[in-house]
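I have placed the structure first, in the form of structure tokens, so that the comments after it can refer back to it.
Below, read A as the first sequence line, B as the second, and so on, with proteins coming before strands; counting in each chain starts at 1.
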There are 2 protein chains.
Amino acid sequence: MLENSSPASSAGSAAGHAYSHVLTLPVRAPRSSPHSDGIAIRLPGRSRLFDQSEEVGSTFEIVQGAVMLSRLLRDGRRQIVDILGPGRLFGAVMSPVQEVAAETLTASEIRVHGPDAEFSEARINNELRLAIDRLQTHAVLLGRKTALERVASGMVGLAVLLAGSRALNGNGPISFRLPLTRSDLADWLGLVLETVSRNLSQLQKAGLISIEKQDRVQILDMAGLKQVAAYETKWI
Amino acid sequence: MLENSSPASSAGSAAGHAYSHVLTLPVRAPRSSPHSDGIAIRLPGRSRLFDQSEEVGSTFEIVQGAVMLSRLLRDGRRQIVDILGPGRLFGAVMSPVQEVAAETLTASEIRVHGPDAEFSEARINNELRLAIDRLQTHAVLLGRKTALERVASGMVGLAVLLAGSRALNGNGPISFRLPLTRSDLADWLGLVLETVSRNLSQLQKAGLISIEKQDRVQILDMAGLKQVAAYETKWI
DNA sequence: CGTGTAATTGACGCCTATCAACTGGGGTGG
DNA sequence: CCACCCCAGTTGATAGGCGTCAATTACACG
């Protein structure tokens, strides 16, 4: 027979979650008038917005903060498929049947729009196209980059997300708090957490970044980091 | 210093292309009246529709056949990010600035719509959402599946694309011609061509598929294949 | 029938996963 | 306020899966 040892090892990182105090808030569509532009709610980090395969009628708009979208295989393997920052939409408008789970990474302000909320088609199309572009970029990372390139790419991407796109070109040192655990990073970059840790250390030894207190990241040489990341020229 | 040996090995499979007689047809927007529903053209397999980073004003609609979208890293590493079948749209409407190259896989009939073509917003949104769903599914494959699972998933996906979605549930043997070389499959599944070949052989030895003349595929046990593929239940 | 390219298969090596021990930082309770 | 605990993170040793290199076979096309 055909022995296929599916590595359900990363299941541990998916099931037993990083933060035990995850609040699963019953976020539901606001009962307000139609055509409202939604109510804004404040959520702590690690709040579950909705689960994979859950029926979701609302569309969510990130006012500030960050949200990750992830998929699970039945044996528990997890892939974080996207990470979103301010301005981005997700939820009902982005996919009729939810195929992902959504969770805040940092304390966030999220605007919740009911099923009858009116977005301009141009806005929706634009958001959908942005999502496709990010997913295609990530496919290249997952399919064709080495572990070191992935980790470097991840740091560049998070710097842009958390410190603004000026991070890409400005040459002052950029710093931000890592809102992802090593296990999250691994599930985003298609690695295991030890490999993420090792390669972060390597980037640090090379003088490209520095990490303090495990989650304070400072990018010391953005140009060098992008080069290691095999970063595509046209981005953002 | 930081030694990063980027595996530009798959460059060979990207640069020196599989079929040397690729015709780069100057497909341009039809000069016909606005609001036309486009002209249909017939193309042989391996016709390049547009290149990565090329300015493309037209939107393409697959009447019949199949098209692959791919991205290249500067060192030549290639990732096939999506494979499309009849009914699908790609080109201008799908992304304002092209970030992918598009090439037919099989002899195809493609409808070319000029920049001012009118698609219903619902149609466009639906196409964009489908693309996102496929890309998310592929991210799970690239980030979290083993080589055997990837190859099995690829065969299931191609069966659906080339033999219709009835392939998924019907229990008669499904057969189709593989329109991808082993090198293409590798660039799609995030592997090298030898690994693809080995795992196809393994699926064959397990009695799940059979391959004749290198490109005649027959799926003998779809249920078993889906199981090996770690195929998600809700699909198509 | 001969040639060129794709595909298969084998041998080997390396990168990343796995397993395990240890370290560090934050929170809590005495 | 400090000591302890718990869990995230780091680092090392080892293993294994997939990539690499190379030789052979199969197939398509003249």
- Task: Could you label the plane-to-plane angle of the A:Phe50 and A:Phe90 rings as parallel, tilted or perpendicular, counting under 30° as parallel and over 60° as perpendicular?
- Result: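 Correct class here is tilted.
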- Task: Look at the rings of A:His138 and A:Trp188 and say which category their plane angle falls in: under 30° parallel, 30 to 60° tilted, over 60° perpendicular.
- Result: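 The rings of A:His138 and A:Trp188 lie parallel, inter-plane angle below 30°.
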- Query: For A:Leu89 and A:Met94, which heavy atoms make the closest approach, and how far apart are they?
  - Reply: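 Looks like O-CG, 3.5 Å.
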Starting at [atom1] of [X] and ending at [atom2] of [N], how long is that distance when rounded to a whole Å?
{"X": "A:Leu148", "N": "C:dC14", "atom1": "CG", "atom2": "P", "value": "18 Å"}
{"X": "A:Gln204", "N": "D:dG9", "atom1": "CD", "atom2": "P", "value": "14 Å"}
{"X": "A:Arg77", "N": "C:dA17", "atom1": "CZ", "atom2": "P", "value": "13 Å"}
{"X": "B:Glu194", "N": "C:dT5", "atom1": "CD", "atom2": "C1'", "value": "15 Å"}
{"X": "A:Asn199", "N": "D:dT11", "atom1": "CG", "atom2": "P", "value": "12 Å"}
{"X": "A:Ile211", "N": "D:dA8", "atom1": "CD1", "atom2": "P", "value": "17 Å"}
{"X": "A:Arg198", "N": "C:dA20", "atom1": "CZ", "atom2": "P", "value": "15 Å"}
{"X": "B:Leu193", "N": "C:dT5", "atom1": "CG", "atom2": "C1'", "value": "12 Å"}

Check ion pair [X]-[Y] (N to O, under 4.0 angstrom):
{"X": "A:Arg88", "Y": "A:Glu61", "answer": "no"}
{"X": "B:Asp184", "Y": "B:Arg78", "answer": "yes"}
{"X": "B:Asp82", "Y": "B:Arg71", "answer": "no"}
{"X": "B:Arg144", "Y": "A:Asp187", "answer": "yes"}
{"X": "B:Glu99", "Y": "A:Arg134", "answer": "no"}

- Task: Indicate for each nucleotide in nucleotides 23-30 of chain D, in 5' to 3' sequence, whether protein heavy atoms under 4.0 Å reach the base (B), only the sugar-phosphate (S), or nothing (-).
- Result: ----S---
Under 3.5 Å, side-chain donor or acceptor atoms of residues 190-197 of chain A against the rest of the protein: list the pairs with distances, not counting sequence neighbours.
none

Answer yes or no: does a side-chain N or O of [X] lie under 4.0 Å from OP1 or OP2 of [N]?
{"X": "A:Arg182", "N": "D:dA8", "answer": "no"}
{"X": "A:Thr195", "N": "C:dT16", "answer": "no"}
{"X": "B:Ser197", "N": "C:dT9", "answer": "no"}
{"X": "A:Ser201", "N": "D:dT11", "answer": "yes"}

- Axis-to-axis angle across the helix from C:dC1-D:dG30 to C:dG30-D:dC1, five pairs an end, to 10 degrees?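 Axis angle across the helix from C:dC1-D:dG30 to C:dG30-D:dC1, nearest 10°: 40°.
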- Measure from the side-chain heavy atoms of A:Ala147 and tell me the nearest of C:dA7, C:dT16, D:dG19.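 Side chain of A:Ala147 sits closest to C:dT16.
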